[in-house]
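Down below is the structure, laid out as structure tokens.
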Amino acid sequence: MGLYYTMPELILAGGIILIVLIGFFLRNKTTNLHGLLTLAIFTASVGYAIFAWSFYKTPMMLFGNMIRTDQFSAYFRILADVAAGLTVLMALRNKSLAEKFNSEFYTFLTGAVLGSHLLMMSTNLVMVFISLELLSISSYILAGYSFNKKGAEGSLKYFLFGSAASAIMLYGFSILFGITGTLEFTSENFTNNLSVNQSMLVVVAAIMAFAGFLYKIAAAPMHVWSPDVYEGSPMPVIAFLSVVPKLAGIVVLTKMAMAFAVTTVPFDWQLVLAIIAMLSIGIGNLSALWQNNAKRMMAYSSIAQSGFLLIGVVCLTPQSMQAFLFYSALYLAANYVVFISLQAFEKNSINSIPSFGGAGRSFLFLSIVLLGGLISLSGIPPTGGFTSKLFVFASLWASYEQTGKSILLWLLLFGLLNTVISLFYYLKIPYYAFLKTPESSLLPENTSFENFLAFLLVVGVLFFFIRPDFLMGWLNTINFVL
Amino acid sequence: MEHTLILSSILFAAGLMTVIVKRNAIMVLIGIELMLNAANLNLVFFNRNNPALSGHFFALFVIVVAVCEAAVGLAIVLRVYKYYQTSIPDQLTELKD
Amino acid sequence: MQNLLSYLIFTPFAAALIGLLIPAEAKKTFRIATLIVSAIQFIILIAIIGNTTPQLGSFQLMEKYNWFSIDLGNWGILKAEYFLGIDGLGFSMIALSVLVMLIASISSWTIDKNVKGYFILLWILNGAIIGTFCALDFLLFYLFFEFMLLPMYFLIGIWGGPRREYASIKFLLYTLLGSILILIVLIALVISVQAPESGDTVVHTFNLLHMSDSANFIFGSILSPDDAWLIGSHTARWWAFLLLFVGFVIKLPAVPLHTWLPDAHVEAPTPISVILAALLLKVGAYGLLRIAYPIFPDAAVELSSVVAFIGVLSIIYAALNALAAKDLKRLIAYSSVSHMGFVLLGLASLTVEGVAGAVYQMFSHGLISAMLFLIAGVLYDRTHDRLINNYSGLASRMPMFFVFVLIAFFASLGLPGFSGFIAELMVLLGALASGSTNELISEGFAFAAAFGLILGAAYYLWTLQRMFFGPFHVKNEIRTELLTDLDKREFGMLISLALVILIFGIFPHVLLDYINPFAQNFADTITESIRLIQNP
Amino acid sequence: MSLISLALYIFEALAGAAALGILLVRNVFHAALLLIVCLISLAGVFVIYNAEFIAVTQILVYAGGVLVLIVFGIMLSSRIAGKPLVVTNQYVLPASLAGILSAGILIKLFSEQPFAQQPGALPGNPMNQTGIALMRDYVLPFEIAGILLLIALIGAAVTASSFYSKKQ
């Protein structure tokens, strides 16, 4: 029975084994077969999730209350699969990835996606921990996939920070288990026991538990690893890391925060999360201003974007959750536009921001598409990024009006101010590309596939500006049982 | 029975300090193992009277995860060592702002 | 004939799309295409004149389509519309836009670098400007408003003068700051306003007409007039007006937020300077007239002295700066700031004459500044030097050019017979009348503004004296043989502008027929809504 | 004091002492040996708390697996044999502050917290129960753990194999 509901996960798990086996038989052969197979796996997973959308209407507890399927998590599972599919498309066009351990790359990618799927559905601390680790360990390996000095260094830093964070998180879980006597954190048993046994220990344990998620979404102050990892990793991996673990982390953070919100624990969660969101937005944007490497700049940008994604959790109203769902999809699309174009530029050895000088002339189409993605990330019209920021801010304001908490107003003003600051660095690459003259002329490599893919996504981003109701109307039907 | 919790606090704090203090990736890994064990001790201790044994199972999975982390982590350390001839994170300076 | 405004907006957008397909080498095709676009817009404008009655007290040619409507659960429905319409204000602005765009298109023929990109950006800018003047939905307005930003940034940044990067970034930052302030108010408004048709579920709307009606504010919401939220010692409405005011005044621009304008003008290529001065500045004033004042009349009245003070300050401070300017284009840029000060003054008086004068000033300054920048461009095209002190006695060398300089300068300093005179006279009358009728601003402001007019005469006459009179002489490696008189294209542009300026100076009622009903309506509505807010 | 609680005290003291020892020693190899002591003492504690299965896993997996790995790591990443791998300390003051603070806060809060009194007792034959529940209630994490192990093994192989490759 449960297998019908978790068919996407079964497909992914079966896919992992299939890729390993095929990789075993096709050792030492450079082929696109692994990538195409992985793409087929993700497509099947998305296809099933959409086909079975109505199944998820009523939440189902499965596997001895380990996971719960509902439309909220199903939506994010679809997003994760889409992101992973785009990553595969990017990887297929990345020569260095095809040279070494090609089939293994797709194994780890599928593993990470499986981990994120399970993490989004978990309702049990055991499941949270083990799926988070599946996601993390796969990511550590993926981060080192450029097989050079920088990659190794980034991978080590990622691993050390990540394991320390998950150990701290685990310690928090163990205390929560001690206080409540249960591991099912969405159950009434858990929340009632927290309300009965409230003390500072609950607060300390919860902060420890949240640390792991904050690390996964690269929110300040747990963000220090991300620029190094981004700089050292191959482009498809960065694109993946900046979307999937982030969304998975925030989804499970939402569920945890929801569990704590119904208790009477004497602690202002909104305040803490709002401060973390502000810190992430501020630190991310201010540091991004000084970057000269496109990858590092995007790392700081994604730290700032986590702050905006967190706003949905800060409010925890149905409206803010819808804004969060909308924001996630647009963030995914715009982010992939940027990374796909950056990969195409990287192929032509354009890496540092000054080396984009004059790229607008040799790669006009790609530069315009990149501009579209960057504008959407910064959130000005006419892109879906604007609409999504508008929804997020509107929900923030509505919840300020409801609660009268001044921290929400500060968060709103801070976020708006940072929208302006972010334009400084988001427009840095277009500034060099269009307004500067080229440093050196080189023979452009063919980027038509990237052009096409990024163009499709940009069209999507523009479309959701003009008709946000297409997506929002669908999100409205989602049943929010958290 | 409080002394078990005191031990777990000490293990956790010692692990945390090792992670911060020691300038070697392997020592950091050892510190992380200490923290994981502190959590395991908690889980087993809190499960004294629980017939569902959920704490025990959690501890079991933690051990499995620790093995995976250690295997991957050490492989990464070895690779870093190959490029840098060191396993001291602070001496890796290729990636900087 | 129902969708005339949409045709007007989307003609240039369609041209931009088609332009993408034309190869970049076909420079001539682009030059002709831009004329075709302007010609089509002109025909549509004539059709608009034919399909509207001059007494535009209310909106005409309205188009309303559902854009999106999103059910957000218990918070209500968020609804945005594709909602266009023009009244006297909108009509005069789109008429001005079509005229100026035609001139700018012809002037753009001199552009030789990356022609394809230039014209595509120009068309996007064209559509966005007209869209801004037609939109009656705040979100749609904001969309067009932001849409102007990036094309302008690139147009200055790529085709500009030597310090173009600095100027374009400065322009971008100032404008962005303004649009963020507007965005804050936009969000607050959409939360506070409900459409009158909403029943059990609240329909949050971006409709500007609904926002202008104080009855549509949800009771207890942040911007509601009946239950005032206090932030500091002022109501939230006061702050919202202030934010909108600052946001639009950056675009206007007024002292002290004007510093981006001289830089942008000096660096921008001639046609872009023309558009910037003639149209983009008007968007700021238009925003005040269409959004800030009708939605927050109470706060506007409270702050009218401040508005008037900033207006007069701009008039005098910018005139003094113009006196000190060494660069001809910088002088014209400061004179723009000075003349836009009159718009603020007229608006602050809230009398029918003042408001009508402000709108007339927007229209007439659009034409005059376009002519002034064309003149500066004529000189720059020949010698690549605009320093006033480097020329003298040009009148004898370029007689035809001199005639147009005389016309433009006299029109700008407000000589009777030119459109600027009518506008400034009405503003001054309005400002004086305000002291005796609604007592919003004192007569002192009117006298100070009149003093600014004298300063204006001073810098124009002094410039004429320095550059055009006396024996012919140029400094600094300027080759005299380059100083040829106007060619046919330049003559055509200047003569048509001069004629239009004269026509609107001699027969002001042609346009005032459109503007007066608007101004009457505007002043009445504001008085009425203040009364409603004070005694509900 | 019964024999069992005496054994518990001894195991706990050993584990704590070994943990503090890891903090103090400067030779990585010694630290690894101390970790073995700590882990085995903890296994003893687990036995006393009726978690025999965990204790066995602890000894087999940690002592047999993790530690062998760590020792391998030390041997492969130390410079030419003969010199012990000695590490220096950094941020001693902030770290001690963090350590003492976290231990202090945790101990204080633990002592004040009334932990939920869980009804009932452990089942008579925990090992048997463990096996059944593992295949029934915990079948999903069990399967995921299998995939995790597979991925970690391949990952370790992929990551470390470049160690021997001639390229780069």
Side-chain angles (χ1 to χ4, degrees), chain B residues 2-18 20-24 26-27 29-31 33-34 37 40-41 44-53 56-57 59-61 63-72 74-79 81-83 85 87-88 90, chain D residues 12 15-16 19-20 22-23 28 31-32 35 39 42 45-46 49 51 53-54 57-58 61-62 65-66 69-70 73-74 76-77 87-92 95-96 98-99 102-103 106-107 110-111 115 118 120-123 126 129-130 133 138 141 145 148-149 152-153 155-156 159-160 162-163:
Chain B
E2 292 300 337
H3 48 91
T4 309
L5 289 178
I6 294 174
L7 173 65
S8 113
S9 314
I10 290 174
L11 284 182
F12 180 76
L16 191 63
M17 273 176 79
T18 313
I20 303 172
V21 156
K22 299 293 181 183
R23 300 186 58 211
N24 182 300
I26 295 179
M27 281 303 276
L29 201 61
I30 291 176
E33 299 297 339
L34 275 183
N37 270 286
N40 260 0
L41 186 60
V44 170
F45 172 75
F46 288 133
N47 201 80
R48 279 159 318 192
N49 304 317
N50 189 344
L53 289 177
H56 287 189
F57 283 109
L60 201 60
F61 288 116
I63 292 176
V64 174
V65 166
V67 174
C68 299
E69 263 188 3
V72 172
L74 283 162
I76 295 173
V77 170
L78 291 189
R79 207 161 96 224
Y81 183 76
K82 180 202 147 202
Y83 294 120
Q85 303 302 312
S87 47
I88 300 171
D90 288 6
Chain D
E12 287 186 350
L20 293 176
I22 289 173
L23 208 51
V28 180
L35 185 61
L39 296 181
L42 280 180
V45 176
F46 291 164
Y49 283 127
F53 190 62
I54 312 291
T57 321
Q58 172 97 350
V61 175
Y62 260 123
V66 175
L69 271 174
I70 289 181
I74 295 168
L76 285 171
S77 71
V87 291
T88 47
N89 294 343
Q90 57 171 2
Y91 312 123
V92 176
S96 344
S102 61
L106 282 173
I107 291 171
F110 274 137
S111 62
F115 285 102
Q118 291 151 344
L122 287 186
Q129 292 293 315
T130 309
Y138 288 85
L148 180 60
L149 278 167
L153 284 180
T159 311
S162 72
F163 180 63

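Proteins come first, then strands; the chains are lettered A, B, ... in the order of their sequence lines, and each starts at number 1.
- When heavy atoms are compared at a cutoff of 4.5 Å, D:Leu153 does not approach chain B at all.
- The residue among B:Gly31, B:Cys68, B:Ala14 with the most heavy atom pairs within less than 4.5 Å of chain D is B:Cys68.
- Looking only at side-chain heavy atoms (C-beta outward), B:Leu5 and D:Ile107 stay at 4.5 Å or farther from each other.
- Inter-residue side-chain proximity for D:Gln58 and B:Asn37 is flagged as met; some heavy-atom pair is nearer than 4.5 Å.
- Contact tally against chain D (heavy-atom pairs below 4.5 Å) for B:Leu16, B:Ile63, B:Ile10, B:Asn40: the top residue is B:Ile63.
- Under the ring-ring contact (aromatic ring centres under 6.0 Å, His included) criterion, D:Phe46 pairs with no residue, sequence neighbours left out.
- With B:Phe45 as the aromatic partner, B:Arg48 meets the cation-pi criteria of under 6.0 angstrom to the ring centre and within 45 degrees of the ring axis.
- The greatest number of non-hydrogen atom pairs below 4.5 Å with chain B, out of D:Ala98, D:Gly16, D:Ala103, is found for D:Ala103.
- When each of D:Pro141, D:Ser102, D:Gly155 is scored by its heavy-atom pairs under 4.5 Å with chain B, the top score falls to D:Pro141.
- Applying the side chain to side chain contact (heavy atoms under 4.5 Å, CB included) rule to B:Leu11 yields the partners B:Leu7, B:Leu34, B:Ala38, B:Leu41, D:Ala19, D:Cys38, D:Leu42; only residues at least two apart in sequence or on another chain are considered.
- Ranked by heavy-atom pairs under 4.5 Å with chain B, the list D:Ile54, D:Leu106, D:Val92 is led by D:Ile54.
- Heavy atoms closer than 4.5 Å to chain D are found in both the backbone and the side chain of B:Ile76.
- Of the two parts of B:Leu60, the backbone and the side chain both hold a non-hydrogen atom closer than 4.5 Å to a non-hydrogen atom of chain D.
- Separation of atoms NE2 (B:His56) and OH (D:Tyr138) is listed at 11.0 Å; rounding is to 0.5 Å.
- Contacts of D:Ile22 with chain B are made by both backbone and side-chain atoms, with heavy-atom separations under 4.5 Å.
- In this structure, the side chains of B:Thr4 and B:Val44 stay at 4.5 Å or more apart for every pair of heavy atoms.
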